[in-house]
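Heads up, the thing below is written out as structure tokens.
Hydrogens, waters and symmetry mates play no part in the numbers below; they use all other heavy atoms, side chains included.
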Amino acid sequence: MSDVVEKTLTALPSLLSLDSQAVAGKLSVTSKLGNLIRNITELTSKHEEEKLIKKELTAIKEQVSSPTTTLRQMKEIMVRTIYCEMLGYEASFSYIHAIKLAQQGSVLEKRVGYLAVSLFLNESHELLLLLVNTVLKDLQSTNLIEVCMALTVASQIFPKDMIPAVLPLVEDKLTHSKEIIRRKAVLALYKFYLIAPNQVQHIHDKFRKALCDKDPGVMTASLHIYLQMIKESPDGYRDLTGSFAAILKQVVGGKLPVDFNYHSVPAPWLQIQLLRILALLGKDNQSGSELMYDVLDESLQRAEMNHNITYAILYECVRTVYTINPKSDLLEKAAKCIGKFVLSPKINLKYLGLKALTYVVQQDPNLALQHQMTIIECLDHPDPIIKREVNVFFPVITG
């Protein structure tokens with residue numbers, strides 16, 4: 001058996017049981033799941049797998065229908081059912097039992113029930129109606145874990161016609177004392193905005209409070225909503241340009257906790273999202289562009305070309321510099337960055353440089369002419385993606 005499977009089986013007891021019992025007791029809880037995984041990994045054909053899973057689901061169906069099955073046993077049964085569904089075998093008979101498990105039992109049992117529901121059901125499933133009251137009850141719970149589970153499942157599978165039922169409670173969680181609750185509430189509202197924007201229009205002011213939240217995680221979550229809203233109507237948020245530029249300056253300067261760092265790069269995904277927002281706000285906006293010149297310059301200087309994630313940041317910087325109202329020294333630095341990408345022997349970087357050129361050439365065709373020979377050589381490059389990208393703007397440099 002592979003090391004990966006062995007490590008998975010070793011970790012299962014601690015992941016699926018929070019009881020303060022002996023380790024041997026924990027192992028017994030997950031023994032059936034462990035045996036199932038072991039048996040499947042030892043099979044040699046798809047036919048054997050189908051036969052084994054069919055037998056397993058038959059046993060599970062008998063167990064969930066038995067009146068003597070405890071909630072503790074139901075939790076273990078549901079985990080096995082999740083595994084069978086993950087392999088592509090339908091177990092629709094268990095969906096109602098997953099909902100029942102989410103409605104009752106201990107926090108751990110409810111957690112497994114919510115997990116199963118979020119994996120089994122989609123937004124149009126008829127059984128989802130049975131979960132509404134449970135989510136409403138858990139949103140009002142004093143147990144933080146229950147509130148978190150309810151917010152998570154509401155953001156994952158609730159359709160737009162169920163949003164009005166939970167929206168007031170989710171909105172109320174924006175002012176919760178715990179940052180994890182506020183963060184999950186923001187993410188739930190982001191999902192609601194995507195599927196029913198008109199239903200959350202009245203709480204835009206609270207989004208602004210989330211942007212200024214003292215917890216960086218909540219602030220980061222709010223950027224998802226702002227990026228979407230600014231894409232749709234940038235003029236309505238130009239007054240926030242200075243705020244977004246100030247946030248990016250703090251991020252680039254390493255002011256966030258080290259937990260946000262990735263390979264010693266300060267919050268790279270947050271930087272990328274802020275750069276995209278600034279690009280939208282700075283387009284055809286001279287006064288707004290002036291507010292972001294300094295931080296863009298700093299971003300270009302600090303993002304040294306030594307890791308894949310910094311390449312992504314530099315790429316977004318280049319796009320932003322060429323999208324906002326131009327500044328000559330920034331354009332020059334961005335052009336040098338593109339040149340390093342295009343001339344790189346690494347295929348990924350060369351592709352990134354060509355991708356940037358594809359965007360930039362629409363505004364500055366002369367930049368492509370500077371790399372004309374390199375681009376022509378790429379026409380015979382063995383990588384088809386490189387050749388395809390060159391063909392996009394090759395007519396421009398040969399015109």
Side-chain angles (χ1 to χ4, degrees), residues 234 241-256 261-375 378 386 389-390 392-393 396-397:
T241 303
S243 299
F244 289 118
I247 293 172
L248 180 57
K249 189 173 183 65
Q250 293 181 53
V251 174
V252 173
K255 302 298 183 182
L256 294 189
N261 291 2
Y262 178 75
H263 286 271
S264 301
V265 180
W269 287 276
L270 179 54
Q271 288 192 53
I272 290 171
Q273 200 152 29
L274 285 166
L275 287 166
R276 290 173 178 172
I277 289 173
L278 291 177
L280 294 168
L281 294 175
K283 186 176 183 179
D284 301 324
N285 180 13
Q286 180 61 44
S287 59
S289 297
E290 291 174 354
L291 295 173
M292 57 185 81
Y293 286 154
D294 290 343
V295 70
L296 289 175
D297 190 15
E298 187 175 355
S299 295
L300 285 169
Q301 292 178 18
R302 286 180 178 266
E304 299 176 357
M305 297 177 63
N306 57 3
H307 194 276
N308 284 343
I309 194 63
T310 57
Y311 304 149
I313 294 173
L314 286 170
Y315 173 75
E316 291 297 336
C317 275
V318 169
R319 282 180 58 94
T320 303
V321 167
Y322 276 93
T323 301
I324 66 176
N325 281 40
K327 186 182 181 185
S328 57
D329 59 334
L330 275 179
L331 292 174
E332 183 180 346
K333 291 177 181 178
K336 288 181 179 179
C337 181
I338 293 175
K340 291 180 180 178
F341 282 151
V342 172
L343 296 174
S344 173
K346 298 180 180 178
I347 292 179
N348 287 343
L349 292 189
K350 188 179 291 292
Y351 171 77
L352 204 60
L354 294 173
K355 191 74 175 176
L357 272 179
T358 304
Y359 179 77
V360 170
V361 74
Q362 303 170 22
Q363 300 153 45
D364 184 12
N366 291 329
L367 184 59
L369 293 175
Q370 296 175 23
H371 304 286
Q372 185 172 6
M373 293 309 299
T374 303
I375 294 170
C378 288
I386 297 291
E389 199 63 39
V390 172
V392 173
F393 59 88
V396 176
I397 64 173

Contact between [X] and [Y] at the side-chain level, heavy atoms closer than 4.5 Å - yes or no?
X      : Y      : value
Ile324 : Leu296 : yes
Val265 : Ile313 : yes
Thr241 : Ile277 : no
Asn325 : Tyr293 : yes
Leu256 : Pro266 : no
Leu357 : Phe341 : no

Identify the heavy atoms of [X] and [Y] that sit nearest to each other, and give their distance.
X      : Y      : value
Leu278 : Ala245 : CD2-N, 3.9 Å
Tyr322 : Ala334 : CE1-CB, 3.6 Å
Ala267 : Val251 : CB-CG1, 3.7 Å

Legend entry - Steps toward side chain to side chain donor-acceptor pair (under 3.5 Å) verdict (Thr310, Asn308): CA-CA 5 Å; Thr310 57; Asn308 284 343; over 6 Å; no
Inset, instruction - Kindly say whether Gly288 contributes a backbone atom to a donor-acceptor pair with the side chain of Asn285 at under 3.5 angstrom? - result: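 Judged by distance alone, yes, a pair lies under 3.5 Å.
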Inset, instruction - Could you tell me whether a side-chain N or O of Ser289 sits under 3.5 Å from a main-chain N or O of Gly282, the two making a donor and an acceptor? - result: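 Flag set: sc Ser289 to bb Gly282 pair under 3.5 Å.
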Legend entry - Qualifying salt bridge (charged side-chain N to carboxylate O under 4.0 Å, His left out) pairs, either residue in residues 268-294, two or more places apart: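 The answer is Arg276-Glu316.
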Legend entry - salt bridge (charged side-chain N to carboxylate O under 4.0 Å, His left out) pairs, two or more places apart, involving residues 318-334: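 Checked against salt bridge (charged side-chain N to carboxylate O under 4.0 Å, His left out) - neighbours excluded - the pairs reaching residues 318-334 are Asp297-Lys333, Glu332-Lys336.
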Between side-chain atoms of residues 345-353 and protein atoms elsewhere (two or more places apart, or another chain), which donor-acceptor pairs fall under 3.5 Å?
unit_1: Lys350; atom_1: NZ; unit_2: Val342; atom_2: O; d: 2.8
unit_1: Lys350; atom_1: NZ; unit_2: Ser344; atom_2: O; d: 3.4

Once you round to the nearest 0.5 Å, how far does [atom1] of [X] lie from [atom2] of [Y]?
X      : Y      : atom1 : atom2 : answer
Thr323 : Tyr359 : OG1   : OH    : 2.5 Å
Ser243 : Leu248 : OG    : CG    : 12.5 Å
Glu298 : Cys317 : CD    : SG    : 10.5 Å
Leu281 : Met292 : CG    : CE    : 6.0 Å
Leu270 : Leu275 : CG    : CG    : 9.5 Å
Gln271 : Ile309 : CD    : CD1   : 9.0 Å

Legend entry - Which residues share a side chain to side chain donor-acceptor pair (under 3.5 Å) with Tyr262, sequence neighbours left out: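 Testing Tyr262 for side chain to side chain donor-acceptor pair (under 3.5 Å), a comparison that skips the adjacent residues, returns none.
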Inset, instruction - With sequence neighbours excluded, tell me which residues meet side chain to side chain donor-acceptor pair (under 3.5 Å) with Lys255. - result: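 Here no residue qualifies.
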Legend entry - Set of side-chain contact (heavy atoms from CB on, under 4.5 Å) partners for Leu280, sequence neighbours left out: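 With sequence neighbours excluded, Leu280 shows a side-chain contact (heavy atoms from CB on, under 4.5 Å) to Leu227, Ile230, Lys231, given in chain and number order.
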